[in-house]
Amino acid sequence: MKTRSLLSILLVATALFSSSCCSNNEKQAPNKAKNVIVLIGDGMGPAQVYSLILTSPEKTAFQRFPYSGFSITKSASNEITDSAAGGTAIAIGKKTTNKMVGMSPDSIAVPSMLELFAEQGKKTGVVVTCSVTHATPADFIAHNINRNNNEEIALEISNKSKLDVLFGGGKKYFTERKDSLDLLGKMWENGWNVYDSLPQIEDNNARTMVLTCRKHLVKAPERGDYLPKATAKAIEMLDNSENGFFLMIEGSQIDFACHDNDSATLIEEMRDFNNTLNIVLDFAEKDQNTLVVVTADHETGGLTIVDPEGNYTRTDFKWSTGSHSAVFVPVFSYGPGAEKFSGIMDNTEIIERIMEIAK
Ligand code: MG
Ligand code: ZN
């Protein structure tokens, strides 16, 4: 009796051991992704994500991610970063001085992950709900000493040789310029298709810029499902290259709502970002060859969720600043190599991990 039970324990142990060997072997296969999609919720700290979970009857897209971690956002110049330096750290992997875009603190332009991927032959795109010259998109597609130089940034974008899809706002920086240059006309001459609405796109293979308004788009929910739709269109246009694609999508106006300490608009912006995440995850689940990384450049508003009477019985949104805060921000990841984004990382480490995983 004793021998038999010992034997069966041994058999079970052997089975467990060999099955864990097999799954380990599978995990040891190189985790490489052909496509990379990075989503940035500007100003989206842990409380902003929880505000969505708290007010959503159904499971949110954030809860679909198998891995999560935290990113430390401070810049080279300040414990509290602005969007220019926070996005630059993600885009180029170097901390910089607040206000600087795509540059190290010594004012040297450093290639962004979008530019590195374009060099590798991937198609590239950017989708935002602000002006395409605003800090976060500019961090990926331009290099400038000051985020407020919108016209210089527009000029740099118009000269870009490797960018396939650009959707957002900011038309005035291309057409109502101090130097009177007609950048849109120049872009048409250089082979770009330029439109002011997404349905005008006829050729999915042409380099395409769609600027739907003079500056930023209107806030959620007034702008409807622009961001999820623009994201789906960008994926459709980029997902036809042998070498894969890189796409950066920004929930730009989460930050705007938080600067205004506007809880109702924050929830609308988070819902819009959530719908966009669901589109991206549905694609990545089907594709099985796409790394998806979601993070933020910093937290905005110093948001917390408390019972003002301290009784644990009700929840109220409390804002502690109209500016940014120093708290770390979440990182969510899905797809090949996604496990590399767990734990606490510096914002400059995100690009290192992405470049390791991307084929
Ligand atoms: Mg931004
Ligand atoms: Zn901000």
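For the pair D82/R147, a side-chain contact is recorded, criterion being any heavy-atom separation below 4.5 Å from C-beta on. Here the side chains of P336 and K32 are not in contact, with every heavy-atom distance at 4.5 Å or above. Residues F65 and L281 have side chains in contact (heavy-atom distance under 4.5 Å, counting atoms from C-beta outward).
For the residue pair N243/S241, the side-chain donor-acceptor check at 3.5 Å is not satisfied. Side-chain contact of R64 with N278: a donor-acceptor pair under 3.5 Å is present, judged by distance alone. Side-chain atoms of T60 and Q63 include a donor-acceptor pair closer than 3.5 Å. Checked by atom type, the side-chain pair S323/T321 shows no donor-acceptor distance below 3.5 Å. Looking only at atom types and distance, the side chain of K123 has a donor-acceptor partner in the side chain of N240 under 3.5 Å away.
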Side chain to side chain donor-acceptor pair (under 3.5 Å) for S83 and D297? Distances and angles first, verdict last.
CA-CA 6 Å; S83 289; D297 45 0; 3.0 Å; yes
List the steps and the verdict of side chain to side chain donor-acceptor pair (under 3.5 Å) for D225 and N275.
CA-CA 9 Å; D225 56 359; N275 294 340; over 6 Å; no
Using the side chain to side chain contact (heavy atoms under 4.5 Å, CB included) rule, take K162 and T124 through it: C-alpha gap first, then chi angles, then the decisive distance, then the call.
CA-CA 8 Å; K162 286 178 180 140; T124 59; 5.6 Å; no
For K340 and E349, what are the C-alpha separation, side-chain angles and deciding distance, and is it a salt bridge (Lys or Arg N to Asp or Glu O under 4.0 Å)?
CA-CA 10 Å; K340 292 208 158 77; E349 289 172 67; over 6 Å; no
Chi angles and distances behind the side chain to side chain contact (heavy atoms under 4.5 Å, CB included) call for N31, E339:
CA-CA 10 Å; N31 263 333; E339 68 281 356; 2.9 Å; yes
Hey, mind stepping through M270 and I254 against side chain to side chain contact (heavy atoms under 4.5 Å, CB included) and telling me if it holds?
CA-CA 7 Å; M270 286 302 298; I254 296 167; 3.8 Å; yes
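The backbone N or O of A47 sits nowhere less than 3.5 Å from a side-chain atom of E299 that would complete a donor-acceptor pair. Without hydrogens or angle criteria, S333 side chain to A338 main chain gives a donor-acceptor distance under 3.5 Å. S75 places a side-chain N or O within 3.5 Å of a backbone atom of N78 that can act as its donor or acceptor partner. At distances below 3.5 Å, not a single donor-acceptor pair connects side-chain atoms of D255 with backbone N or O atoms of C258.
Among residues at least two apart or in separate chains, salt bridge (Lys or Arg N to Asp or Glu O under 4.0 Å) pairs with a member in residues 305-317 are E309-R314, R314-D316. Screening residues 296-318 for ring pair (Phe, Tyr, Trp, His ring centres under 6.0 Å), with sequence neighbours left out, gives H298-H324. For residues 209-219, the set of pairs meeting the side-chain hydrogen bond (donor to acceptor under 3.5 Å, both in side chains) definition, not counting sequence neighbours, comprises E176-R214. Residue pairs meeting the ring pair (Phe, Tyr, Trp, His ring centres under 6.0 Å) criterion with at least one member in residues 95-116, sequence neighbours excluded, do not occur.
Using bins of under 30°, 30° to 60° and over 60° for the plane-to-plane angle, the ring pair W188/Y195 lands in the perpendicular bin. The aromatic rings of H134 and F256 stand perpendicular to each other, their planes meeting at an angle above 60°, with 30° marking the opposite boundary.
More than 12 heavy atoms of other residues, nucleotides or ligands lie within 6.0 Å of CD in E222, so this atom counts as buried by the packing criterion. Counted within 6.0 Å of NZ on K99, heavy atoms from surrounding residues, nucleotides or ligands total 12 or fewer; the atom is thus considered open.
Under the salt bridge (charged side-chain N to carboxylate O under 4.0 Å, His left out) criterion, K94 pairs with no residue, sequence neighbours left out. Listed by chain and number, the residues in a side chain to side chain donor-acceptor pair (under 3.5 Å) with D260 amount to none (sequence neighbours excluded).
If you run side chain to side chain donor-acceptor pair (under 3.5 Å) between K95 and each of D346, T81, T88, only D346 comes through.
Nearest approach of V126 to P137, heavy atoms of both residues: CG1-CB, 4.0 Å. Here the closest heavy-atom approach between residue A206 and residue M237 is recorded as O-CE, 4.1 Å. When every heavy atom of V327 is checked against every heavy atom of T73, the shortest pair comes out as O-OG1, 4.2 Å.
In summary, E236 and K233 engage in a salt bridge, as defined by a charged side-chain N under 4.0 Å from a carboxylate O.
One distance of note links NZ of K186 with CG of L183; it measures 5.5 Å at 0.5 Å rounding.
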